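Just below is one structure, and these are the notes that go with it.
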There are 2 protein chains.
Amino acid sequence: MVSMLEKSKKSNFKKATISEIAKLAGVSRTTVSRVLSGGYFVSKNTKDRILKIIKEKEYKPSIMAQSLRTNRTRTIGLVLADIENPFYSRVAKGVIDAAETKKYNVILCNSNNDIELEERDIKTLMGRGVDGLLLTTVALKMKTIEYLLDRGFPFILIDCKLDTPGVNYVVNDDYFGAKLATEYLIELGHKKIFFLGDRKLLSLRERLRGFKDTLVDHKIESSNTFVPQKFINMYGIYDIDKIIEYIINREEKITAVFAGNDYLAIKSIKVINDNGLKVPEDISVIGYDNIEISSMVKVPLTTIRQPKYLLGKLAAEQLFEILENRSNKEIKRIILRPELVIRQSCKRIGNYKS
Amino acid sequence: MVSMLEKSKKSNFKKATISEIAKLAGVSRTTVSRVLSGGYFVSKNTKDRILKIIKEKEYKPSIMAQSLRTNRTRTIGLVLADIENPFYSRVAKGVIDAAETKKYNVILCNSNNDIELEERDIKTLMGRGVDGLLLTTVALKMKTIEYLLDRGFPFILIDCKLDTPGVNYVVNDDYFGAKLATEYLIELGHKKIFFLGDRKLLSLRERLRGFKDTLVDHKIESSNTFVPQKFINMYGIYDIDKIIEYIINREEKITAVFAGNDYLAIKSIKVINDNGLKVPEDISVIGYDNIEISSMVKVPLTTIRQPKYLLGKLAAEQLFEILENRSNKEIKRIILRPELVIRQSCKRIGNYKS
DNA sequence: CTGGTAATTGTTATCGATTCCAATAAAATA
DNA sequence: TATTTTATTGGAATCGATAACAATTACCAG
């Protein structure tokens, strides 16, 4: 019968257990377990014999059983705000590479810029038994942070500076980066600058702060230059077409757009073009992140470079360190320095006199 | 003492176990377990009582324990060839979304276009106890396929047509898509077309076949129009700059490049520009995939659209179906139809007469 | 030769669930 | 009232590892 054939085929390969190895080697499970974890306190003789049998039988210990017993899974959770944004893909790569070298695995969730989903993802991952969490977060509720903190659950924030006690993060200096970008625009003569970004996102909030402060420093008025609430729906996702249309058609014209990230910037440029305007001739656009394609798009994007891969790699490494060395409770906060990358999406429209 | 404080803080939240719930409800673990799995054969009375306690104590069954017992983890493995290629990110999103709705989790590996790493990833994931595998594969060794097949391990290939018995896949019709692209170039008058892609990759091999056959159909000679082996290192990764340089500088000039995917195409255009040539004026370039930015790059890319999100979503759904219904051994193969998307990266250079 | 220490190995409980089978209680039938 | 059924519930084994502690053996000095 087919089903029997299939069955036998499958059971051919039922994987060996530690007990079987023990029996074959004529020792107890404990001894095999010892060999598995380095082989200290086991005589060279038996160790070699067990090792040989393990290899022969292609024995691999059951991670589920190990996890149950040790309460460690060697798995971490990574919550990405948007896997399709190349910024996050790059961060993810840094994380995955670091995990690979440390023999950890990564369970990935995509919160899709949705605060509720993000919270669900975090709980799912914790329930799944990940050892720790890496969060490229949208707008983490304080409730969620407290939830994590309360149960001493190891986690590190990526691209999200949150100076609550006990919270670790790896970020670039968003405030400084935003200052860099804004200064640059001002220097080119821009005074009417629109900040395109969702204020709910924590990283963007920092950038917004840098933006505003810089305007104030230069005594430039900045009312009416943020995304109106009506374009931000409850999931924090907004319709770029509508926003650009709104900016273009209102009376008070702007001369430059500071986009919260390159992905947004590139999309905006497309929409601006679709509306018959040119970048940078009619409107200058500056981005943030310096994702790979920024240099390849129609109008090569002037932007702020932040070390994405490093962000992910460092964050993962920090987390692993916490996990391997749980006593070490010192705060781990890393702030990387961003840089201005000048390309062609911003135009001088006057001379700035300070 | 600090350490005691911390300790107590942590243990405050040690998660409840099924036994504790059972004790609180004055029933056996078995009964609680029954409630967990639907509550059949349990009186409404006790069921409600248990449910209430579960909610109160925020009890969540330990997935590790469940997995150990049932040998199912509700986790699948996804091996991406390159997470930074937007094509794969989009596919991944489809997978993750499908998993989310079916309450599965996804462990992600990035094989980085490396055959050896891919094989290692697969084994790691199997060892990790994933229920099944989704492979957006580079160039799967037959040995690996057989390994999976032999132990009846559920897996589905994405973007990789492999008609070995027992292998399931979800792909777009690469052969047809490549024909579409090639026909289009020929129609525009191109005869010297260079196929830019690593022949080791299975999906590219199909595209290459479509490319060659179309040339033959039109009686166009096609020697010397593939990437020479010397540019393909053992990891299958090649240096685009060198290749483009090679094409441009050799005697036999080509008029068009058929890039194996958009990511490659976009990078190529940049390199072509860097070398002082223009697209499409000097060289036409056609891509494959239609990734989002294809329409936003300097020269909007003419390409072949394939339904990336759907590819991932369908593959995941197929896999879940196999997992939920293991008896159902029918082959699941889905071939989606690609389309030509004409933008501005290809120029007419003559009239084609058939 | 013997007590003591070090080296090696085994016993057994445990992690937190599921599941087969048995047991009890309640309801239905004779 | 006695006997089946049926509906609920519990007992105990099990999944595959780890770890505390106990036990055995070997080795060495006195």
Side-chain angles (χ1 to χ4, degrees), chain A residues 10-11 13-51 53-54 57-75 103 126-131 151 326, chain B residues 10-11 13-51 53-54 57-75 103 126-131:
Chain A
K10 227 180 237 182
S11 55
F13 284 100
K14 74 168 191 307
K15 39 190 182 304
T17 72
I18 196 172
S19 301
E20 285 161 24
I21 301 297
K23 195 178 294 169
L24 285 171
V27 297
S28 72
R29 297 197 307 259
T30 309
T31 305
V32 178
S33 176
R34 281 198 191 98
V35 170
L36 251 35
S37 56
Y40 310 109
F41 310 114
V42 180
S43 73
K44 180 153 175 23
N45 211 314
T46 46
K47 180 175 169 182
D48 288 348
R49 183 157 36 97
I50 292 174
L51 245 25
I53 295 176
I54 285 181
K57 296 290 169 193
E58 297 187 38
Y59 165 71
K60 293 251 186 301
S62 153
I63 297 203
M64 288 172 259
Q66 282 180 322
S67 304
L68 176 59
R69 185 61 232 247
T70 63
N71 209 25
R72 304 278 321 275
T73 56
R74 276 197 103 71
T75 303
K103 307 266 180 230
M126 288 173 75
R128 272 236 147 264
V130 297
D131 294 336
R151 38 214 91 197
R326 275 168 169 281
Chain B
K10 228 180 234 181
S11 56
F13 283 100
K14 75 170 190 302
K15 41 192 182 301
T17 72
I18 197 172
S19 301
E20 284 161 25
I21 301 296
K23 195 178 294 169
L24 285 171
V27 296
S28 72
R29 298 197 305 258
T30 309
T31 305
V32 178
S33 177
R34 281 198 191 96
V35 170
L36 251 35
S37 56
Y40 310 109
F41 310 114
V42 180
S43 74
K44 181 155 176 20
N45 212 313
T46 46
K47 179 175 169 180
D48 289 348
R49 183 158 36 97
I50 292 174
L51 245 25
I53 294 176
I54 284 181
K57 296 289 170 193
E58 297 188 38
Y59 164 71
K60 293 251 186 301
S62 151
I63 299 204
M64 287 173 259
Q66 282 180 322
S67 302
L68 176 59
R69 186 60 233 244
T70 63
N71 208 27
R72 304 277 321 274
T73 56
R74 274 198 106 71
T75 302
K103 307 266 179 232
M126 288 174 75
R128 273 235 148 262
V130 298
D131 293 338

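Just so we're on the same page: letters track the sequence lines, and every chain starts at 1. Model, not experiment: these values are computed from the prediction.
- In the set C:dG16, C:dT18, D:dA17, D:dA17 carries the atom at the smallest distance from any side-chain atom of A:S62.
- Atom pair A:R72:CZ and D:dA17:P shows a separation of 18 Å (rounding to whole Å applied).
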#### Entry: Letter per nucleotide, 5' to 3', of nucleotides 8-13 of chain C [B base touched, S only sugar-phosphate touched, - untouched; heavy atoms, 4.0 Å]
SBBBBB
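- Residues B:T31 and B:I50 form a side-chain contact, since some pair of their non-hydrogen atoms from C-beta on lies under 4.5 Å apart.
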### Intermediate values then yes/no, side chain to side chain contact (heavy atoms under 4.5 Å, CB included), B:R128 and A:R74
CA-CA 10 Å; B:R128 273 235 148 262; A:R74 276 197 103 71; 3.4 Å; yes
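- Heavy-atom minimum distance, B:A16 versus B:I21: CB-CD1, 4.3 Å.
- Under 4.0 angstrom from either OP1 or OP2 of D:dG16 there lies no side-chain N or O belonging to A:Q66.
- For the pair A:N45 CG and C:dA7 C1', the interatomic distance rounds to 14 Å; values are reported in whole Å.
- Of all the heavy atoms in B:M64 and A:T73, the pair that sits closest is SD-CG2, 3.7 Å.
- Minimum heavy-atom separation, A:R34 to A:V42: CB-CG2, 3.6 Å.
- Atoms CG (B:L68) and C1' (C:dT14) sit 12 Å apart, rounded to a whole Å.
- Rounded to a whole Å, the CZ atom of B:R128 is 17 Å from the P atom of D:dG16.
- The nearest whole Å value for the distance from the NZ atom in A:K15 to the P atom in D:dC15 is 13 Å.
- Distance CZ (A:R74) to P (D:dT18): 13 Å, rounded to an integer number of Å.
- Across the protein-nucleic acid pair, A:E20 atom CD and D:dC15 atom P stand 10 Å apart, rounded to whole Å.
- Between the two ends of the helix from C:dC1-D:dG30 to C:dA30-D:dT1, each summarised by a five-pair axis, the helix axis turns through 60° (rounded to 10 degrees).
- For residues 36-46 of chain A, the pairs satisfying side-chain hydrogen bond (donor to acceptor under 3.5 Å, both in side chains) are A:S43-A:T46, A:K44-A:D48, with sequence neighbours left out.
- In terms of phosphate contacts, B:S19 brings no side-chain nitrogen or oxygen within less than 4.0 Å of OP1 or OP2 of C:dG16.
- With a 4.5 Å cut-off on side-chain heavy atoms, A:I18 and A:S33 count as touching.
- Side-chain atoms of A:M126 and A:R151, non-hydrogen and from C-beta on, do get closer than 4.5 Å to each other.
- The CG atom of B:L36 sits 10 Å away from the C1' atom of C:dT18 (whole-angstrom rounding).
- Inter-residue side-chain proximity for B:E20 and B:T17 is flagged as met; some heavy-atom pair is nearer than 4.5 Å.
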